[in-house]
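Just so it is clear: chains get the letters A, B, ... in the order the sequence lines come, proteins before strands, and each one is counted from 1.
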2 protein chains.
Amino acid sequence: MVRVREFDKEKALDAAMQVFWEKGFEATSLTDLTMAMSIQRPSLYLAFGDKQQLFETALRKYTQWHAATIRTKLQSKPSVREAFRGFFSDLVEEEYAGAGTPGCFCINTMVELAPRDEKFEIITREHQTYLAVLFQETIERGIHTGELQQDISAKKLAQSLVVSLVGITVMMKARPERTFIDNAVAVTLSLL
Amino acid sequence: MVRVREFDKEKALDAAMQVFWEKGFEATSLTDLTMAMSIQRPSLYLAFGDKQQLFETALRKYTQWHAATIRTKLQSKPSVREAFRGFFSDLVEEEYAGAGTPGCFCINTMVELAPRDEKFEIITREHQTYLAVLFQETIERGIHTGELQQDISAKKLAQSLVVSLVGITVMMKARPERTFIDNAVAVTLSLL
DNA sequence: AGTATAATATACTATACGGTACAATAAGGG
DNA sequence: CCCTTATTGTACCGTATAGTATATTATACT
């Protein structure tokens, strides 16, 4: 290395992640990216490869961050029921508080790219599968502490909760009346 | 009308619907459309307006067809539990039978366009809201016949089922192991 | 039959896209 | 202090895009 990079690669990647998260792959142009990242086009290609490689790198960073966030939230409360309740409540609250969030980058990618690119089908599937494991471990914790009934299937329930999470996240993009989502969350939590 | 249109407008619209359904709005080019519709570009603009207007028309046709399909399926069996079981089973079976379906056009649009265009936010919201009504009426039928318990909230349960439907449809795009989806469906149906 | 009018086909526009060639620049090693 | 080498800025490339001008064709009405 004879000349040092002038920009922070991780900060630039975060900026790219934000743009892809909000707009998706197709609707994001290289101009959108270079503006958000505050770098020139050749610097982008040198540091991250082409548009799709940059997207993949951004998505992988997102899934890691997302999994860590969820893991922390689920472990934040001793009561498993309270942990799930808090998790879903925050999700809904964040969406209805302001002008709306870009939802989940991974879910957006599942819809836009997974059907036509196996690479993204795999990345998104593995992430959702991992979330199911996180949910399952949390439910098993509740069973061990006696908070939850012993006869429930932690795995099946966890997978069902992931499906509900996906459904809620996507439904909120249409901004239905809040009671719609609150009711769905309440019914989902009644499974615990 | 002095010269008659040479193509079948409804057939052309169906072809456009199929393309938008599979590829989404951004990834569909006018060339994709005119080839699928077997018409020339000026004919498209004359008959359907620009790309976005055509997309909207196609989406509205889809939601009407989709609602009618679901209504029929739910009314096809005297048992409400059997009706829902059949509905979700068919949904999963169709996806895992072959190479995969394009999912739900309305859900795809919720993810791609609803966050950045209020028009599509409204269209998709109204469709999902209508599906919840269809589900609710079906559940109420089950309560009246005595098949389902009287103390359940048909509305809340229906809204939760719609969320599960959305979640399952989106999750399947990542093609997880079939047991994942089957388990989620089983847990969802256990609410009835 | 001739004419008005709408649908068609060809060809074109202006623009935006992803990606890159090339020259200028800046730092570390000898 | 020069020379090597990686990064940067500018300017560009070919292509694909959405949309349209124009001329031609075909029908229904007078």
Side-chain angles (χ1 to χ4, degrees), chain A residues 1-60 105 108-109 112-113 116-120, chain B residues 1-60 105 108-109 112-113 116-120:
Chain A
M1 277 197 283
V2 286
R3 178 178 177 175
V4 71
R5 206 197 311 276
E6 292 179 4
F7 62 92
D8 182 329
K9 197 172 173 183
E10 284 307 310
K11 276 198 161 49
L13 180 56
D14 286 340
M17 182 179 92
Q18 203 68 38
V19 178
F20 279 132
W21 188 354
E22 283 168 17
K23 309 184 69 166
F25 181 78
E26 291 287 346
T28 297
S29 70
L30 279 178
T31 304
D32 292 331
L33 289 168
T34 53
M35 283 180 62
M37 300 165 85
S38 301
I39 61 176
Q40 302 298 331
R41 219 170 261 231
S43 300
L44 187 156
Y45 278 84
L46 195 66
F48 300 104
D50 66 15
K51 189 187 175 189
Q52 180 168 317
Q53 290 175 290
L54 173 57
F55 184 92
E56 183 186 339
T57 306
L59 178 60
R60 298 199 117 103
F105 186 15
N108 297 349
T109 304
E112 186 185 7
L113 300 183
R116 63 181 164 96
D117 191 325
E118 199 187 359
K119 174 182 291 176
F120 295 108
Chain B
M1 277 199 286
V2 287
R3 177 179 178 177
V4 72
R5 203 194 315 271
E6 293 179 3
F7 63 92
D8 183 328
K9 196 172 174 181
E10 285 306 312
K11 276 198 162 50
L13 181 55
D14 286 341
M17 184 180 90
Q18 204 66 37
V19 178
F20 279 133
W21 188 354
E22 284 168 16
K23 309 184 67 165
F25 180 78
E26 292 286 346
T28 298
S29 70
L30 278 176
T31 303
D32 293 331
L33 290 168
T34 53
M35 283 180 61
M37 300 165 84
S38 300
I39 62 175
Q40 302 298 330
R41 217 167 263 230
S43 300
L44 188 155
Y45 278 85
L46 194 67
F48 301 103
D50 65 15
K51 189 185 174 188
Q52 181 169 318
Q53 289 175 291
L54 173 57
F55 184 92
E56 182 185 340
T57 305
L59 178 60
R60 299 199 116 103
F105 186 15
N108 297 350
T109 305
E112 186 183 7
L113 300 182
R116 62 182 165 98
D117 191 324
E118 197 186 0
K119 173 182 293 176
F120 294 109

Is the distance between the ring centroids of B:Phe120 and B:Phe25 under 6.0 Å?
no
Spacing between B:Lys9 atom NZ and C:dA6 atom P, to the nearest angstrom
14 Å
Just the rounded figure in Å: distance from C1' of D:dA26 to CZ of B:Phe7.
15 Å
For A:Ser43 and D:dT8, is the shortest distance between a side-chain N/O and OP1 or OP2 below 4.0 Å?
yes
With heavy atoms under 4.0 Å as the rule, sort A:Thr34 into base, sugar-phosphate or nothing.
nothing
Expressed in angstrom and rounded to an integer, what is the separation of A:Asp8 atom CG from D:dT7 atom C1'?
16 Å
Within this structure, what is the OH-to-P distance between A:Tyr45 and D:dC13, rounded to whole angstrom?
17 Å
Just the rounded figure in Å: distance from C1' of C:dT25 to CZ of A:Arg3.
5 Å
If you compare every side-chain N and O of A:Ser29 against the phosphate oxygens of C:dC17 (OP1, OP2), does one of them come in below 4.0 Å?
yes
Is there a donor and acceptor pair, one atom on the side chain of A:Arg5 and one on the base of D:dT7, closer than 3.5 Å?
no
Taking only the side-chain nitrogens and oxygens of A:Gln40, find out if one of them lies under 4.0 Å from OP1 or OP2 of D:dG9.
yes
Rounded to the nearest 0.5 Å, what's the gap from CG on A:Leu30 to CZ on A:Arg41? Could you check?
5.0 Å
Could you check which of C:dG18, C:dT20, D:dG19 has an atom nearest any side-chain atom of A:Pro42?
C:dT20
Could you tell me whether the side chain of A:Arg41 has a donor or acceptor atom within less than 3.5 Å of a complementary atom in the base of D:dG9?
no
Whole-Å distance separating the NZ atom of B:Lys51 from the C1' atom of C:dA16:
13 Å
Please name the pair of heavy atoms, one in B:Phe55 and one in B:Gly24, separated by the smallest distance, quoted to 0.1 Å.
CE1-C, 4.4 Å
If I compare all heavy atoms of B:Lys119 with all of B:Glu56, which pair ends up nearest, and what's the gap?
CD-OE1, 3.1 Å
So which atom in B:Glu112 and which in B:Arg116 form the shortest heavy-atom distance, rounded to 0.1 Å?
O-NE, 3.7 Å
From CG of B:Leu30 across to C1' of C:dT13 the rounded distance in Å is 14 Å
Gap between atoms CE and C1', on B:Met35 and D:dA16 respectively (whole Å):
15 Å
